[in-house]
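Worksheet: the structure to be examined is printed underneath.
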Amino acid sequence: MTDQNLERLLRETLPPPPLGDDGAIEALLESHPEPASPSYGQGMLARAQHRQDPANSLKQLLFVAAILVLLAIPIAIVSIAKLAPEREPTAQSGPDGDVLVEFALDYPEPTFFGTPLDMDLPNLEPARSPRLSFTAPEGVRLISHQAKVTSSEAKPFIGGLAMVTDGQKLGDDTHFVELPPGHQWIQIDLGQRYSIYTINIWHYHKIKRAYRDVVIECSPDESFSSGRVVVFNNDHDNSLGLGAGEDPAYIETNHGRIIDVGGVDARYVRLHSNGSTADELNHYTEVEVYGR
Amino acid sequence: MMLAALEIEPNQPLADAAQSPASDAVPATAEQQLEQIIREHASAVRDILIPRYRGGLDPSDIDDVVAVTANRLWTHRSEFARLRSPRAWFVRIADNVARDVLRFGWQKARQLEISAEKPYLESFSPAEEQESPEPDPERARMVRELVEQLPEKQRKIIWADALSRSGNIPAEDLARELDIPAGTVRVYRKRALDRLRKLLTEHGLSPDPLT
């Protein structure tokens with residue numbers, strides 16, 4: 001069946017049949033002589049009149065103006081706060097003598113939507129308070145912004161691979177890349193070798209779900225044939241064939257997941273997944289790599 | 001304002017032909033007439049629309065459709081005097097609103113509610129509705145049930161396209177209504193059609209009766 005034929009079938013079957021002439025409609029109304037609820041419809045006329053009363057329009061304008069003024073106050077406060085100097089990282093002493101700096105991440109608004117589905121993952125971690133910051137040696141910075149991203153699938157279903165490192169972490173329907181079902185990976189080229197300390201990852205977090213077989217590996221070699229270091233692995237049954245891992249599966253939220261790497265020397269970061277508890281597809285909203 | 005464009009004043013007496021046969025007391029003004037129509041028939045209109053749009057609009061959507069219809073009726077209350085059957089007009093406009101919502105989304109349907117320039121009597125043509133042949137009810141019911149299995153946004157795209165009189169609704173228009181990128185609309189449309197094709201085949205509603 002071609003798309004055209006299917007669309008024609010839908011045009012012929014989905015729209016309701018014609019109402020007919022006034023007589024047919026009268027007959028239809030006669031078949032519903034008693035109101036299901038005597039109060040149904042009350043207030044509709046009042047609303048209709050209210051909308052068209054010029055005095056009400058003026059009242060609505062004044063009301064909207066008052067709301068705008070009230071909204072402007074917090075927006076102005078937030079804007080002033082953003083203009084203020086960025087918060088200084090908190091310095092601590094590391095065990096190896098490095099000065100450790102605390103990084104507080106910038107998180108998107110939560111966007112949970114829909115009814116959560118049952119999660120059938122045996123290694124799913126229990127609910128816990130989100131980890132909101134990490135510490136890393138002084139001099140560490142975000143090194144993945146606008147970095148080149150490639151993937152196991154050259155043509156994503158939705159979005160583009162550049163979205164992975166564009167700094168947008170929102171959980172809505174416009175800031176993620178969707179890869180085909182099954183095992184897929186993306187790979188970030190940092191441009192040169194770095195000591196990588198932390199990787200932060202946001203899959204699709206609008207709907208409650210946990211991604212399966214999340215494996216993250218780093219390597220100085222583009223093909224990952226040498227110097228490969230696995231820094232996170234929750235593929236508990238080795239279904240990807242990259243080795244079984246003991247890290248827990250976790251539910252996606254706007255806080256993403258902070259993964260401590262500890263100074264791995266690498267240029268490339270590869271992130272695997274194998275669908276989620278919601279569907280077979282693979283999604284990435286943002287990945288941040290911190291190093292020096 | 002709209003009131004200035006009316007042909008008669010809201011409290012102008014109406015022609016006898018506009019009176020509802022169901023009423024005992026004779027309404028004197030357009031306002032009273034409209035109040036009576038809504039009081040007596042809003043619930044029946046709701047009951048008529050729910051099965052007609054099952055799978056596309058749920059009962060709470062139909063409540064909103066009836067409310068939007070009341071607004072349209074009020075906007076065009078000057079035309080009551082010319083109506084042979086105001087309550088049939090109520091049903092027709094409600095049916096049009098339901099179609100508008102499915103075709104263009106709530107945002108556009110509400111805009112139509114307040115910006116319709118020509119009278120609704122002229123904008124609606126029963127002959128136009130007769131263009132599409134009446135479908136086999138059982139077949140239509142099964143297709144609707146299968147469409148109901150699609151995710152919400154895919155379902156809305158399919159309904160909008162099915163009610164469009166001039167090919168598929170532009171992806172950009174649907175993107176605005178559904179708050180997703182136009183590219184995503186195209187992907188969802190393709191997925192929905194692929195899924196429906198599979199479901200129709202599984203339920204024996206294929207094989208290609210239209211080629």
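Quick note on labels: first sequence line is chain A, next is B, and so on, each numbered from 1. Just so it is clear, the model here is predicted, and its values are computed rather than measured.
Listed by first and then second residue, the salt bridge (charged side-chain N to carboxylate O under 4.0 Å, His left out) pairs involving residues 181-192 of chain B are Asp3(A)-Lys190(B), Glu178(A)-Arg191(B), Asp161(B)-Arg189(B), Glu172(B)-Arg186(B), Lys190(B)-Asp194(B) (not counting sequence neighbours).
Contacts with chain A were tallied for Asp179(B), Val45(B), Val187(B), Ile48(B); Ile48(B) has the most, counting heavy-atom pairs under 4.5 Å. When each of Ala162(B), Gly56(B), Ser164(B) is scored by its heavy-atom pairs under 4.5 Å with chain A, the top score falls to Ala162(B). Of the residues considered (Thr69(B), Leu102(B), Thr184(B), Val147(B)), Val147(B) shows the highest number of contacts with chain A, using heavy-atom pairs under 4.5 Å. The candidate from Ile158(B), Leu163(B), Asn168(B) with the greatest count of non-hydrogen atom pairs under 4.5 Å with chain A is Asn168(B).
Less than 6.0 angstrom separates the ring centroid of His283(A) from the ring centroid of Phe176(A).
A 6.0 Å sphere centred on CZ of Arg144(B) holds more than 12 heavy atoms belonging to other residues, nucleotides or ligands. Sparse packing is recorded around CD of Glu109(A), with 12 or fewer heavy atoms of other residues, nucleotides or ligands lying under 6.0 Å away.
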For ring pair (Phe, Tyr, Trp, His ring centres under 6.0 Å), just list the numbers for His41(B) and Phe90(B), CA-CA rounded to whole Å, side-chain angles, deciding distance to a tenth of an Å, and then say yes or no. CA-CA 8 Å; His41(B) 304 299; Phe90(B) 186 4; 7.3 Å; no

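Contacts of Lys198(B) with chain A are absent, with no heavy-atom separation under 4.5 Å from either backbone or side chain.
Taking non-hydrogen atoms and a 4.5 Å limit, the residue list of residues 63-72 of chain A in contact with chain B is empty.
In terms of the salt bridge (charged side-chain N to carboxylate O under 4.0 Å, His left out) criterion, residue partners of Arg257(A) (sequence neighbours excluded) are, by chain and number, Glu125(A).
Counting heavy atoms from C-beta outward, His272(A) and Asp213(A) have side chains that stay 4.5 Å or more apart.
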Only pairs under 3.5 Å count here: list side-chain donor-acceptor contacts from residues 149-164 of chain A, not counting sequence neighbours, and write none if there are none.
unit_1	atom_1	unit_2	atom_2	d
Ser151(A)	OG	Glu153(A)	N	2.8
Ser151(A)	OG	Glu153(A)	O	2.6
Ser152(A)	OG	Gln184(A)	OE1	2.5
Ser152(A)	OG	Trp185(A)	N	2.9
Ser152(A)	OG	Trp185(A)	O	3.3
Glu153(A)	OE2	Lys155(A)	N	3.1

